[in-house]
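Notes follow the structure.
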Amino acid sequence: MIEFYLDAHSGVAPYLQIVHQVKQALRLGLLEVGDQLPTVREVVAQITVNPNTVLKAYRELEHESLIASRPGRGTFVQRTLASDGLASHAALRRSLVRWLHSASAAGLDSESVLALFLSTFQDTQKEETA
Amino acid sequence: MSNALETAHLSKRYGRTWALQDCTLALPAGRVAALVGPNGAGKTTLLNLSVGILEPTAGSVQVLGSSPLKQPTKTLPRLGFVAQDHPLYQDFTVADLLTLGRKLNPGFDDQLARARMQKLGIPLDRRAGKLSGGQQAQVALVLALAKRPELLLLDEPLASLDPLARREFLRTLLDATVETGLTVLLSSHIIGDLERVCDYLIILSASQVQLVGDLQEIGQTHKRLIGPRQNVDAIAHVHTVIEQSQTERQTTLLVRANGPIFDPSWEVQGVSLEDIMLAYLGRQAGEQLAASSSAHKGMEVVQ
């Protein structure tokens, strides 16, 4: 089952943090259709958060038809956000790790790596949409 | 939804000093509300007026639909109150305290209290005075919860607790709200944990209510505006300026936005809840804003 965490200094509202974490888990395939989400009470006990915050997050996810609550049974994943490419994640991750190693061998620090990655990412996105 | 607590122009004066002045607010049922303010702002006075320990000098307070002072039998059995420093009879064992709670409160849920004590690992035969500060706070909270109140008032429950004890205390409290739909009003001058725990906010400063409302809405409507140095009259016509600072070249404002901000000369940023609270807490007497959800056209500018 998914475990949530709250970052008090992120500046992101607590309910949005929960929404993001569920979506992230759906994208990465950590949550699949039919999986059960923790009850409000379990989340409250886990991360000491206001129950209305959890309800609000679940309502939002329900609104996007990502999850559905079945009265008396619990809340379940209804739709996934994992793309068909999920299977190739492992191979892509390996080639990314190789690339990161060569970047650090070339003397780039982590900030330069991120900047290079982001600017390249943005450029290719522009090309693809152009 | 009905209100668990409602005050209208509630005021309390000690001699020539107003401890609370013209306080009008409503706390909807089912909320976990934070009552925030610096020491001496009137937080304890508001709580004591709400449980009928104090009599108002002017104005009125309604708790669960009745006056705690004039109709105590209607209100007090449905109210839980833990005073500052969670006072317990130091020579009583935890079991004695449970007996006392049971004898004094008709609806006292002894089973619930024992179950919670066990879960918290608090031995029933230990004297209250021998418990740690965190455990004493937990015992006081469990006793109040076992009364199965509809409204629970807590005066500075977190003040003397270390971060771990604080988290555990809040966990017990929130677990109870899931179970029973209890309304909570807790005063605090520690701002840290409040955003994750509370969903409603009341800010008191200088004996007056500065801000009341849904915590998240408050977070969304307050913005920091940064722009070239300029006169703020135009923006103050539409939005409420809470705080402003000027340098030779730059003007920085913290505003409560009453709608979208169109003027492109301002860079608009979100503000953390902590910064919002501090901005209101810094306000002095006489700068009070019309509080609560009642619509207010922001015309005031902090001088």
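Just so it is clear, the model here is predicted, and its values are computed rather than measured. Naming: A, B, ... by sequence-line order, numbering from 1 per chain.
- Using a 4.5 Å cut-off between heavy atoms, Leu55(A) makes no contact with chain B at all.
- With respect to chain A, the highest number of heavy-atom pairs below 4.5 Å among Val32(B), Leu170(B), Leu174(B), Val178(B) belongs to Leu174(B).
- Contacts between Gln216(B) and chain A at a heavy-atom distance below 4.5 Å involve the side chain alone, from C-beta outward.
- Between Leu215(B) atom CG and Asn52(A) atom CG the span is 11.0 Å, to the nearest 0.5 Å.
- We find the CZ-OG1 distance between Arg167(B) and Thr48(A) to be 5.0 Å, quoted to the nearest 0.5 Å.
- In terms of modelled atom types and a separation under 3.5 Å, the side chain of Arg171(B) and the main chain of Val49(A) share no donor-acceptor contact.
- Surrounding CD of Gln118(B) are at most 12 heavy atoms belonging to other residues, nucleotides or ligands under 6.0 Å away.
- For Arg41(A) (side chain) and Glu179(B) (main-chain N/O), no donor-acceptor pair under 3.5 Å exists by modelled atom type.
- When heavy atoms are compared at a cutoff of 4.5 Å, Gln46(A) approaches chain B solely by way of its backbone atoms N, CA, C and O.
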